Amino acid sequence: MLSTRFTELFGVDHPIAQGGMQWVGRAELVAAVANSGALGFLTALTQPTPEALAEEIARTREMTDKPFGVNLTILPAIDPPPYDEYRDAIIESGVTIVETAGFNPQEHMPTFTEAGIKVIHKCTSVRHAVKAQALGVDAVSIDGFECAGHPGEDDIPGLVLIPAAADAITIPMLASGGFGDARGLVAALALGADGINMGTRFLATQESPVHQRVKEQMVTNSERDTELIFRPLRNTARVASNSVSRKVVEILEGGGEFADVRDLVAGARGRQVFDEGDLEAGIWSAGMVQGIINDIPSVAELVDRIVTEATTLVQRRLAGLTAAR
Ligand SMILES: Cc1cc2nc3c(=O)[nH]c(=O)nc-3n(C[C@H](O)[C@H](O)[C@H](O)COP(=O)(O)O)c2cc1C
């Protein structure tokens, strides 16, 4: 067992979280993560309405009696989803842990605090981690440049970002982006984090509700098989490399605007990749960590392997290095 401030704060067995994942963070995966002793997050906006989110929370509870949370991703939008209603559905369902991401959670903090909810805010820079701590969040998850999804615009990889953030904040912190095995967990702990958050690695597990072809592609892919789309728009997202993501990069780097790629990046097309396994139907998020993903284990196998190997790594390999000669 690896006990950290993270495991103590959230009442879980292992210092491992599964971050929110659009279309993927549903009951099957989150319950499997909870049952493995790690902390899983349902993704609020994967559900079409706040009522559907409440039903998904209830469905997850039927599959686990362990703690789990809900991710609320707050992104700028012309026609934003009803964030307040999603937030209220989380609270009314009795969930006590929320992962916020995207915009800072200032607007929602008083309501969460009043409801006794613990908030872990995911961000991509030291200054945003400091701001989140000042806003009263309970923990921070810091996403390095390696991560799937939105790495921000600073391009600071975890090897520097994690210790820099650890030096700047006092609340518990998860290292995120590029983690997939025991070596990463031990490194994160050495860098000053209290655990790891993973997305891509959990996407390639048996319980992940995406098509088998997507999982197999991730095993085949190397660390070089991602694209950074929307860079010129300063809304960078790291996605798997395919004909669609490469086309989006080409259009935007050639001076195109969002309107020119809107159809290519449509959420419905990305969903088709996950549901039907048509790998060239649209864009889908995946990180550099694909380079160290070599199998499709069950969630329980994955979490157990990471924790067991991490313990051995610390007790044998690292402790051995300090042994007197
Ligand atoms: C398919 C997929 C969808 C994601 N969707 C979201 C999302 O909706 N909200 C969010 O906060 N993070 C999202 N993420 C990011 C993850 O929660 C996590 O921060 C990231 O994957 C960590 O990097 P890693 O993939 O290298 O482990 C997504 C990641 C993946 C792989």
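The shown structure was predicted, so the numbers you read here are calculated from the model rather than taken from an experiment. Just so you know, ligand 1 is whichever comes first in the structure, and atom 1 is the first atom listed for that ligand.
Under the 3.5 Å distance criterion, the side-chain polar atoms of Thr43 are matched with a main-chain donor or acceptor of Met21. Formation of a donor-acceptor pair under 3.5 Å by the Thr322 side chain with backbone atoms of Ala319 is found in this model. Remark: the backbone N or O of Glu216 is paired with a side-chain donor or acceptor of Thr220 at under 3.5 angstrom. A side-chain donor-acceptor contact under 3.5 Å links Gln22 to the backbone of Thr46. Without hydrogens or angle criteria, Asp304 side chain to Glu301 main chain gives no donor-acceptor distance under 3.5 Å. Side-chain atoms of Gln18 never come within 3.5 Å of backbone atoms of Met198 as a donor-acceptor pair (strictly under, hydrogens ignored).
From the protein, the heavy atom lying nearest to atom 22 (C) of ligand 1 is Ser176 OG, 3.4 Å. Among all protein heavy atoms, the one lying closest to atom 8 (O) of ligand 1 is Gln22 N, 3.4 Å. Distance from atom 4 (C) of ligand 1 to its nearest protein heavy atom, with residue and atom name: Met21 CA, 3.4 Å. Protein heavy atom at the shortest distance from atom 9 (N) of ligand 1 is Thr73 OG1, 2.8 Å. Of the protein's heavy atoms, Gly20 O, 3.2 Å lies nearest to atom 14 (N) of ligand 1. Of all protein heavy atoms, the one lying nearest to atom 25 (O) of ligand 1 is Thr200 OG1, 2.5 Å.
Counting the atoms of ligand 1 from 1 in the order shown, those under 4.0 Å from a heavy atom of Asn71 are 9 (N), 10 (C), 11 (O). Ligand-side atoms of ligand 1 in range of Gly199: 21 (O), 22 (C), 24 (P), 25 (O), 27 (O), range being under 4.0 angstrom from any heavy atom. Ligand 1 places these atoms under 4.0 Å from at least one heavy atom of Lys122: 10 (C), 11 (O), 12 (N), 15 (C), 16 (C), 17 (O), 18 (C), 19 (O). Close contacts of ligand 1 with Ala148, meaning ligand atoms under 4.0 Å from a residue heavy atom, involve 15 (C), 20 (C), 21 (O), 23 (O), 24 (P), 25 (O), 26 (O), 31 (C). Residue contact check: Ala101 has heavy atoms under 4.0 Å from atoms 11 (O) of ligand 1. For ligand 1, the atoms lying closer than 4.0 Å to a non-hydrogen atom of Gly19 are 17 (O). Residue Gly178 approaches ligand 1 through these ligand atoms, each under 4.0 Å from one of its heavy atoms: 24 (P), 26 (O). Every atom of ligand 1 is numbered from 1 in the order shown, and the set under 4.0 Å from a heavy atom of Asp143 is 19 (O), 22 (C).
Close N/O approach between Phe274 and ligand 1 is not found [any backbone or side-chain N/O within under 3.5 Å].
By the 6.0 Å contact criterion, CZ on Arg317 is open, its count of non-hydrogen atoms from other residues, nucleotides or ligands being 12 or less.
Side-chain atoms of Thr4 and Asp194 include no donor-acceptor pair closer than 3.5 Å. Donor-acceptor pairing under 3.5 Å is lacking for the side chains of Thr226 and Gln290.
At least one heavy atom of Met198 sits closer than 4.0 Å to an atom of ligand 1. The shell of residues lying under 4.0 angstrom from ligand 1, judged by heavy atoms, excludes Gly149.
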Between Leu264 and Ile251, does a side chain to side chain contact (heavy atoms under 4.5 Å, CB included) hold up when you go through it step by step?
CA-CA 11 Å; Leu264 289 171; Ile251 292 172; 3.8 Å; yes
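Distances from atom 23 (O) of ligand 1 to the heavy atoms of Ser285, Gly102, Cys123, Cys147 put Cys147 nearest.
Note on Arg231 versus Glu153: salt bridge recorded, some NZ/NE/NH1/NH2 to OD/OE distance being below 4.0 Å.
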